[in-house]
Amino acid sequence: MAATWIDLLDPSADELRAKAPKELEETALQQLLAPPQHEDEPRPTLQGHGDYVFGVFLIAVVVRAEQRIYYQEIDIVLTHDTLLTVRKTPPGHDPACDIDVVKKGMRPDDSAGMLAYRLIDEIAERYLSLVDDLDDAIDELEDAVEAQPADQTRARISILRHALLHIRRTLTPMRDSVRRVIDNTVEVENGKEVFEHEVEVAMNAAYDKFLRATDGLDLARDLLAGVRDYSQAKIANDQNEVMKRLTVIASLLLVPTFIVGLYGQNFRVIPELHWGYGYAYSWGLIIGTTIFQLWFFRRKKWI
């Protein structure tokens, strides 16, 4: 049986009450009207509530030019013949998520459960694209480690690390929610199935995408840890190079200091003291030993 899809963008309370299924409880209405907040709340979920199924989904969007991530929230209410979606515009960001591609792909005979699957599958597909974007950002960061300042690299690593943690906190519960649909544990209580067997089978594709996205996040975390280790190794190597040069300078000054100190002793009888070429001899000794050290260090490739 064909289902009705009601899609609302930032609805008012009156508009939502007019379009929402009559089975919807007041607590669900309040959650649908709540402004979007995307630190740790609302947590993505998909649960049965008597005569309907209520879900919250978040889509993470990367803005690479500004090096930030924001979240687009879409809430769903599902009955056996109606799908209600409420899209919320993130404050200070781009408009709410665009689901035109899902609407174009729907079929006239799609049930409400199948419509929900098509929407969830598109969300999963976007997370796969998000992971690819993160991998590209990490690759660019790794290429820039040699050229950019270390503090800039550390700041970028910190931003990406927090982004990965936040994305995982939204991705994992959505993956688990889809798994509950596959296991037939999310349904209504009036005896009419919302997720028919065909939908449960189709949900495997969405679950597989969420699973691949989760694995991709784990790989991205490992790649980011590799960049961090590479950056720390570069810092340590740069410090070693500085210490090596300082050590060479100290060694070059050590022998002349010894020679000058040797002839600066307050003894009356010093062999070169009354020698006419003594001053030139000491300078020759200082220059000769310095040149020898430079040759030796260069041969050892220390400088």
Side-chain angles (χ1 to χ4, degrees), residues 3 5-11 16 20-21 23-61 69-80 82-90 96-97 99 102 112-128 130 164-190 193-196 199-200 202-214 217:
W5 186 350
I6 304 172
D7 181 42
L8 303 178
L9 175 60
D10 298 322
L16 179 61
E23 300 94 341
L24 204 61
E25 299 173 352
E26 185 64 27
T27 55
L29 285 170
Q30 294 302 320
Q31 190 163 351
L32 291 173
L33 292 171
Q37 31 180 344
H38 302 302
E39 289 301 325
D40 293 323
E41 295 294 339
R43 181 178 174 84
T45 185
L46 187 65
Q47 297 178 344
H49 289 264
D51 294 331
Y52 63 91
V53 174
F54 182 83
V56 177
F57 290 86
L58 298 177
I59 303 174
V61 181
I69 291 180
Y70 69 93
Y71 292 87
Q72 298 172 329
E73 179 182 344
I74 178 168
D75 301 337
I76 69 172
V77 176
L78 189 64
T79 65
H80 70 282
T82 303
L83 172 64
L84 169 67
T85 56
V86 176
R87 293 179 289 146
K88 300 181 181 181
T89 301
C97 59
I99 57 174
V102 182
M114 184 58 71
L115 291 176
Y117 155 71
R118 297 190 189 283
L119 177 61
I120 294 172
D121 186 69
E122 175 62 22
I123 294 174
E125 189 68 40
R126 294 187 186 186
Y127 270 94
L128 286 177
L130 171 66
L164 289 173
L165 291 175
H166 287 158
I167 292 171
R168 189 175 185 86
R169 280 204 292 264
T170 62
L171 179 60
T172 301
M174 287 190 288
R175 180 200 64 193
D176 295 342
S177 297
V178 174
R179 183 65 196 180
R180 289 198 298 272
V181 173
I182 297 174
D183 294 339
N184 199 25
T185 59
V186 179
E187 275 294 350
V188 296
E189 298 175 357
N190 59 10
E193 282 192 328
V194 172
F195 299 108
E196 307 92 345
V199 177
E200 293 174 356
M203 278 289 184
N204 279 287
Y207 177 76
D208 180 67
K209 291 178 181 179
F210 278 122
L211 193 61
R212 286 160 50 198
T214 304
L217 281 181

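- Taking both residues in full, the closest heavy atoms of Leu128 and Lys209 are given as CD2-O, 3.6 Å, listed atom of the first, atom of the second, then distance.
- Across all non-hydrogen atoms, the minimal contact from His166 to Tyr71 is CB-OH, 3.2 Å.
- Rounding to the nearest 0.5 Å places CG of Leu84 at 6.0 Å from CD1 of Ile6.
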Could you give the side-chain donor-acceptor pairs of residues 178-186 under 3.5 Å, partners two or more places apart or in another chain?
unit_1	atom_1	unit_2	atom_2	d
Arg180	NH2	Leu46	O	3.1
Arg180	NH2	Ser177	OG	3.2
Thr185	OG1	Arg180	O	2.9

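- Considering CG of Leu211 and CG of Leu171, their distance stands at 9.5 Å, rounded to 0.5 Å.
- For the residue pair Ala112 and Ala3, the shortest heavy atom distance occurs at N-CB, 3.2 Å.
- Using a 30° and 60° split on the angle between ring planes, Phe210 and Tyr127 fall in the tilted class, from 30° to 60°.
- Here the CG atom belonging to Leu119 is positioned 4.5 Å from the CD1 atom belonging to Ile123, to the nearest 0.5 angstrom.
- Judged purely by atom type and a 3.5 angstrom limit, Lys88 has no side-chain atom pairing as donor or acceptor with the backbone of Leu33.
- A distance of 12.0 Å separates CG of Asp51 from NE2 of His49, quoted to the nearest 0.5 Å.
- Shown here are the side-chain hydrogen bond (donor to acceptor under 3.5 Å, both in side chains) partners of Gln31, two or more places apart in sequence or in another chain: there are none.
- A search for side-chain hydrogen bond (donor to acceptor under 3.5 Å, both in side chains) contacts involving Gln30 returns Glu26, not counting sequence neighbours.
- Within the 4.5 Å cutoff, the side chain of Thr27 has no heavy atoms near those of the Phe54 side chain.
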(request) Could you give me the CA-CA distance, side-chain angles and deciding distance for Glu196 and Val199, then say whether side chain to side chain contact (heavy atoms under 4.5 Å, CB included) is met? (result) CA-CA 5 Å; Glu196 307 92 345; Val199 177; 3.0 Å; yes

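- The closest donor-acceptor contact from the side chain of Thr172 to the backbone of Arg169 lies at 3.5 Å or more, if one exists at all.
- Taken from CZ in Phe57 to CD1 in Ile74, the straight-line distance is 9.0 Å, to the nearest 0.5 Å.
- Taking every heavy atom of both residues into account, Leu78 and Ala116 meet most closely at CD2-CB, 4.0 Å.
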(request) Decide yes or no on side chain to side chain contact (heavy atoms under 4.5 Å, CB included) for Arg87 and Ile99, but give the supporting numbers first. (result) CA-CA 9 Å; Arg87 293 179 289 146; Ile99 57 174; 4.0 Å; yes

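- Contact detail for Ala202 and Tyr117: the closest heavy-atom pair is O-CE1, 3.0 Å.
- Residue Ile167 holds its CD1 atom at 11.0 Å from OG1 of Thr214, rounded to the nearest 0.5 Å.
- Shown here are the salt bridge (Lys or Arg N to Asp or Glu O under 4.0 Å) partners of Glu122, two or more places apart in sequence or in another chain: Arg126.
- Listed here is the closest heavy atom pair of Ala124 and Ala206: CB-O, 3.8 Å.
- Arg118 pairs by the side-chain hydrogen bond (donor to acceptor under 3.5 Å, both in side chains) definition with Asp110, not counting sequence neighbours.
- Listed by chain and residue number, Leu8, Glu15, Leu16, Val86 satisfy the side chain to side chain contact (heavy atoms under 4.5 Å, CB included) test with Pro11 (two or more places apart in sequence, or in another chain).
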